[in-house]
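Convention: sequence-line order gives letters A, B, ...; per-chain numbering from 1. Excluded from the calculations below are hydrogen atoms, water molecules and symmetry mates; all remaining heavy atoms, backbone and side chain alike, are included.
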2 protein chains.
Amino acid sequence: MTESSHRTTSRVLDIMELVAKHPSGLSLADISRSLGIPKSSLHPLVMTLSERKYLHYNNREERYYLGESLFVYGNKYINGIDLLEEIKAILLASNQASGETLYFGVLSGLDVLYLAKADLHSKFRVVSDPGNKLPAYSTGYGKALLSQFSRSQIESFYPAGTLASVTANTLKSVGELNDQLDVVRRTGFAYEKGESTDGIQCIGTTIVVDGEVLAGISLAVPQFRYTQEREQFFKQLLIDTKAKLERTIANHKDQWIYSGRQTE
Amino acid sequence: MTESSHRTTSRVLDIMELVAKHPSGLSLADISRSLGIPKSSLHPLVMTLSERKYLHYNNREERYYLGESLFVYGNKYINGIDLLEEIKAILLASNQASGETLYFGVLSGLDVLYLAKADLHSKFRVVSDPGNKLPAYSTGYGKALLSQFSRSQIESFYPAGTLASVTANTLKSVGELNDQLDVVRRTGFAYEKGESTDGIQCIGTTIVVDGEVLAGISLAVPQFRYTQEREQFFKQLLIDTKAKLERTIANHKDQWIYSGRQTE
DNA sequence: GTACGGCGTTCGTATATACGAACAAAAACG
DNA sequence: CGTTTTTGTTCGTATATACGAACGCCGTAC
């Protein structure tokens with residue numbers, strides 16, 4: 001994979017991602033200023049993106065919003081894959097057994113990407129909807145996924161000062177992270193205490209098929225419902241869920257396309 | 001809105017949409033042949049799309065697949081909007097009350113775009129996942145949404161021979177469609193019998209706020225569970241769900257961005 | 001009222017991109 | 001085992017795109 005980069009293509013993607021980051025809308029001039037690209041250069045690109053419904057121009061507010069097309073084609077990434085439907089069903093069963101929210105996701109670079117969520121009764125807004133990304137070190141199953149790497153690898157991933165804070169409780173030193181990862185490597189469980197969402201505790205573990213860490217799951221529990229005795233129940237539930245998922249994924253390994261290894 | 005179209009931007013979108021349509025992957029040469037664009041022209045675009053994870057190249061199979069980025073940014077279209085969370089909760093309650101699947105979506109051109117699905121116990125694979133599009137005339141709530149237009153408008157939308165078949169039961173003539181739409185205009189209910197998915201019947205109705213048809217909902221029921229007496233129950237459930245949704249959406253009308261009117 | 005700032009739009013030319021041909025490498029064919 | 005047909009890749013120039021400046025429009029300022 002050679003290092004190239006096509007200017008116009010990069011711009012098209014930059015525009016879409018910028019608008020995606022601003023749900024309250026952006027004017028053409030806003031986009032121009034943010035990206036440092038002349039309005040006149042942006043104009044034809046933005047027009048085409050609008051015609052194809054990747055952007056949506058609101059005449060009244062004179063602002064561009066995200067169009068439906070990204071959503072339509074983006075969902076082809078996960079829709080139609082029967083495997084993910086089965087995964088969701090397994091998560092849902094565990095959700096109903098515990099009343100707590102379960103997440104399923106993969107590592108994307110040094111972030112975790114949520115692919116599925118099983119959440120029936122929860123009234124809490126969580127930042128982790130499918131499609132969202134969070135720094136791996138800030139989440140329960142993110143730590144589980146990181147545990148496949150050695151201490152030195154982790155240190156090379158996170159040079160000094162690269163651990164950005166998500167909440168007040170987010171880990172701040174690589175040493176602390178590595179110490180926690182040691183626990184994961186020994187026990188199989190990763191813990192998180194309000195490091196990605198205030199007031200939410202998580203237990204995470206890995207999904208391993210053929211010796212390869214393919215994905216992670218985690219159980220998210222509001223702090224006030226998290227007791228020592230329930231923790232034992234949660235861990236057993238995770239063990240069961242993990243086993244079911246690993247069996248299912250092994251049976252449909254050909255459908256597993258989410259193997260975006262960041263270390264090539 | 002002037003009629004322009006930027007070639008490179010169109011190509012970038014064409015590439016993504018083409019790969020999205022082929023879950024089994026495409027080689028660079030495949031893309032070149034399908035789009036009628038030289039490989040050498042495609043090359044830098046595809047490289048950049050891969051670097052940005054909009055595409056994913058599988059070295060072993062020498063094929064391009066959809067990358068995660070489309071999914072990530074596409075979901076920003078619906079995530080973080082509290083309104084949709086509330087809509088999902090309402091649908092879920094009706095799903096639990098009936099045991100049948102509920103859909104919520106909007107009109108996108110002459111297609112219906114599914115935004116949410118409430119489906120707990122169903123073991124049937126349905127073609128209608130969120131993000132999917134289907135011809136409006138082939139679905140229950142698609143017909144409901146079309147009922148806001150006059151007979152002559154409908155006729156202009158569908159010139160002779162434009163009613164493509166989704167299943168064997170899909171409507172074939174505009175006259176038949178218009179006759180059914182008259183029933184919708186009178187009774188408020190739209191019916192569909194296996195016209196988009198074999199063996200599934202639907203009842204649909206509109207979601208109207210401030211006199212404007214904003215969205216539609218439908219209840220999908222397997223034929224063998226669809227009886228005359230249950231139909232009465234379904235219709236009452238739809239009336240209740242419709243009322244709840246209209247009240248909720250009216251309270252958060254500022255969040256309603258899905259107003260992509262196809263007739264500007 | 002005039003003047004200023006914001007917006008999206010248009011135009012001509014300097015500039016970057018696109019294309020056909022030719023490339024090596026690997027797989028498929030006979 | 002050579003031959004044919006794949007694959008992705010590189011290069012020089014013909015070509016389409018990008019940019020700065022100027023435009024018209026609308027609302028606000030003064």
Side-chain angles (χ1 to χ4, degrees), chain A residues 1-19 22-67 257 259-261 264, chain B residues 1-19 22-67 257 259-261 264:
Chain A
M1 178 99 67
T2 41
E3 271 297 323
S4 91
S5 120
H6 186 110
R7 190 173 68 166
T8 311
T9 304
S10 301
R11 288 181 171 183
V12 168
L13 305 182
D14 286 338
I15 294 168
M16 296 195 302
E17 294 179 13
L18 184 72
V19 176
H22 293 267
S24 49
L26 289 169
S27 69
L28 179 61
D30 288 334
I31 302 172
S32 169
R33 264 177 267 111
S34 296
L35 298 179
I37 302 170
K39 282 189 297 176
S40 56
S41 307
L42 247 32
H43 187 252
L45 312 196
V46 166
M47 290 299 290
T48 305
L49 285 170
S50 300
E51 282 170 24
R52 301 278 294 257
K53 297 196 180 183
Y54 284 78
L55 299 182
H56 173 71
Y57 188 68
N58 186 316
N59 295 74
R60 193 172 51 80
E61 307 186 2
E62 294 191 321
R63 286 218 188 86
Y64 286 94
Y65 295 87
L66 215 55
I257 57 163
S259 39
R261 304 200 60 75
E264 285 274 318
Chain B
M1 179 96 70
T2 42
E3 269 298 325
S4 91
S5 117
H6 186 132
R7 188 173 68 166
T8 311
T9 304
S10 300
R11 286 180 171 184
V12 169
L13 305 181
D14 286 338
I15 294 168
M16 296 196 302
E17 295 179 15
L18 183 71
V19 176
H22 294 267
S24 50
L26 289 168
S27 70
L28 179 62
D30 288 333
I31 301 172
S32 169
R33 264 177 267 110
S34 296
L35 299 179
I37 302 171
K39 281 189 297 175
S40 56
S41 308
L42 247 33
H43 188 252
L45 312 196
V46 167
M47 291 300 288
T48 305
L49 284 170
S50 301
E51 282 169 24
R52 301 280 293 259
K53 297 196 178 183
Y54 284 77
L55 299 181
H56 174 72
Y57 188 68
N58 186 316
N59 295 73
R60 196 172 48 81
E61 307 187 2
E62 294 190 321
R63 285 217 188 89
Y64 286 94
Y65 295 87
L66 215 54
I257 57 164
S259 38
R261 305 201 60 75
E264 284 275 317

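Each of B:R33 and B:S40 lies near DNA chain D, and the nucleotide nearest B:R33 is the one positioned closer to the 5' end. Both A:T8 and A:L28 lie near DNA chain C, and the one whose nearest nucleotide falls closer to the 5' end is A:L28.
The side chain of B:Y64 sits closest to D:dG8 out of D:dG8, D:dA18, C:dC19. For B:P38, the listed nucleotide lying nearest its side chain is C:dC19; candidates were C:dA18, C:dC19, D:dA18. Residue B:K39 places its side chain closer to D:dT7 than to any other of C:dG8, D:dA21, D:dT7. Closest approach to the A:H6 side chain among C:dA21, C:dC11, C:dA18 is made by C:dA18 (side chain taken as heavy atoms from C-beta onward).
In terms of heavy-atom proximity, A:L18 sits nearest to A:S34 at CD2-CB, 3.7 Å. Pairing each heavy atom of B:P44 with each of B:S41, the nearest pair is CD-O, 3.4 Å. A pairwise comparison of heavy atoms in B:H43 and B:L28 identifies CD2-CD2, 4.1 Å as the closest pair.
The interatomic distance linking A:M47 (CE) with D:dT17 (P) rounds to 15 Å, in whole Å. Counting to the nearest Å, the P atom of C:dT17 and the NE2 atom of B:H43 are 15 Å from each other. The CG atom of A:L45 sits 13 Å away from the C1' atom of D:dA16 (whole-angstrom rounding). The CG-P distance, from B:L26 to D:dT7, rounds to 11 Å in whole Å. Whole-Å rounding puts the B:E62 CD to D:dT9 C1' distance at 13 Å. Distance, A:D30 CG to C:dG8 C1': 13 Å, rounded to whole Å. As a whole-Å value, the separation of B:I37 CD1 from D:dA16 P is 14 Å. Whole-Å rounding puts the A:E61 CD to C:dG8 C1' distance at 17 Å.
A salt bridge links A:R52 to B:D14: at least one charged side-chain nitrogen sits closer than 4.0 Å to a carboxylate oxygen.
Using a 4.0 Å heavy-atom cutoff across all strands shown, B:S41 reaches at least one base atom of the nucleic acid.
In terms of phosphate contacts, A:R7 brings no side-chain nitrogen or oxygen within less than 4.0 Å of OP1 or OP2 of C:dA16. For the OP1/OP2 pair of C:dC19 and a distance below 4.0 Å, the side-chain nitrogens and oxygens of B:R11 include at least one atom meeting the criterion.
In this structure a side-chain-to-backbone donor-acceptor pair under 3.5 Å is missing from A:S50 to A:H56.
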